[in-house]
Visitor: 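Mind having a look at this structure? Questions to follow.
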Amino acid sequence: MRIATFIQDGQRKVGLVSADGQAVTAFHLTSAEAARGALSLIEGLAAGKPLPEVTGAPIAISSVALEAPIPTPRRNVWCVGRNYHAHAKELAASVFKDNAAKTDEWPIVFTKVPECVVGPHDDVLVPSEVSTQIDYEAELAVVIGKGGKNITREAALSHIYGYTVVNDVTARDVQMRHGQWDMGKSFDTFCPMGPWIVTADELDATKTRVRCWVNGELRQDGPTENMIFDIPTLIETISRGITLYPGDIIATGTPAGVGMGLKPPVYLKAGDVVKVEVDGIGSIENRFV
C-alpha cells in the first residue's frame, strides 16, 4: 500500500494511493485522526485496530496538495550519518576527520526536530542570515510500525511499517561550528518528506536506489546495498535502551555526491530546485527560497 496525507478543500485527509500513483481515496477518519496524518493509522494498527475503510471516489493526485505523510512526527526524526561507503570517503577530510576510524564500528546517530518536517513539494527556507553552506542529502527513511526496546537485528524488519523519502537538508557551517549536529540539521523546513509511505510488504529496501538532482543535474546515485550499516543494524542500535514507538522515523543516510563533497564545494542558494527519488517509493521536489 501507499499511504498519503493531503489537503483537499482546506481539510487534511489521509488516503490510499492507487498503484499507478495517480489517484488517492480518503480513509474514513475523524478530523482529529486526520490531523495526525498517517500516524493515526500506524498507531491504530499497532494497537490491533483494523485499517479504516476508504470512503468516496478516488481523487486525482494532481488536484490535491500532498503533505509529509506524518506532518508532525511525535518526536525528533532519527537520522544516520556517514552510512554509505563512498559518502564517508568524500567527507573523510572534513566533517568526519576526527572520528573516521570510529564510525566503522558504530553508526553516527543524530536527530532533527519534528517541526522541521515539510511536504514533498513545499518550499525550503534558506536561512542566509545564519548559514552560507546549505547542503542536500537524499535519503531512504524507515517508518516504525511496531514499537519496542532492545530490538534484535533478527527481529528488526518485523518492526517496520514502511518507507518514505527524506531530504536531510543541512547547514554545513553550523554543523561544523557546534560539533553536535542537531542545530545544523533542524532549521525550519529542513526535512522535506514524502510523497507517501510505501508499506514494507511492497518494497525490498535492501535493494533499492537513492538519487538526487539539483536543478536537473544528477548529483547522487547510490544503491542501498552500499550502506555501511544496514537497516536491521540501525534499528537494533537505536533501540538499545531506548523505546521506539509506532510512527518513529529513521533516515538511513545519504550516498556520495553532496555539495560539501564536490571540489570545490557547491552549496544551495535561493532559486535552486532539489529532487530526491527512491526507486519503489517515488520522488519529492522542493524549491529553496
Visitor: Once rounded to the nearest 0.5 Å, what's the spacing between atom CD of Glu202 and atom CD1 of Ile197?
Guide: 12.5 Å

Visitor: Val166, Phe110: one ILVMFWY side-chain cluster at the under-4.5 Å cut-off?
Guide: no

Visitor: Distance check, rounded to the nearest 0.5 Å: Leu268 atom CG versus Gln133 atom CD?
Guide: 11.5 Å

Visitor: Below 4.5 Å, heavy atoms only, C-beta onward: do Ile228 and Tyr84 meet side chain to side chain?
Guide: no

Visitor: Mind checking salt bridge (charged side-chain N to carboxylate O under 4.0 Å, His left out) for Asp168 and listing every partner two or more places apart, or none if nothing turns up?
Guide: Lys112, Lys185

Visitor: Are any non-hydrogen side-chain atoms of Val142 and Leu234 less than 4.5 angstrom apart?
Guide: no

Visitor: Side chains of Tyr136 and Arg219: do they bring a donor and an acceptor to under 3.5 Å?
Guide: yes

Visitor: Would you say Ile70 and Val117 make side-chain contact, with heavy atoms under 4.5 Å?
Guide: no

Visitor: Is there a donor in the side chain of Thr111 and an acceptor in the side chain of Asp182, or the other way round, less than 3.5 Å apart?
Guide: yes

Visitor: Let me know which of Arg211, Gln220, Arg209 forms a side chain to side chain donor-acceptor pair (under 3.5 Å) with Glu277.
Guide: Arg211

Visitor: Could you tell me whether the side chain of Phe288 reaches within less than 4.5 Å of the side chain of Val274, counting heavy atoms only?
Guide: yes

Visitor: For Ser131 and Asp173, which I'm curious about, is there any donor-acceptor pair between the side chains at under 3.5 Å?
Guide: yes

Visitor: Do the non-hydrogen side-chain atoms of Val165 and Leu140 ever get within less than 4.5 Å of each other?
Guide: no

Visitor: Are any non-hydrogen side-chain atoms of Tyr161 and Leu45 less than 4.5 angstrom apart?
Guide: yes

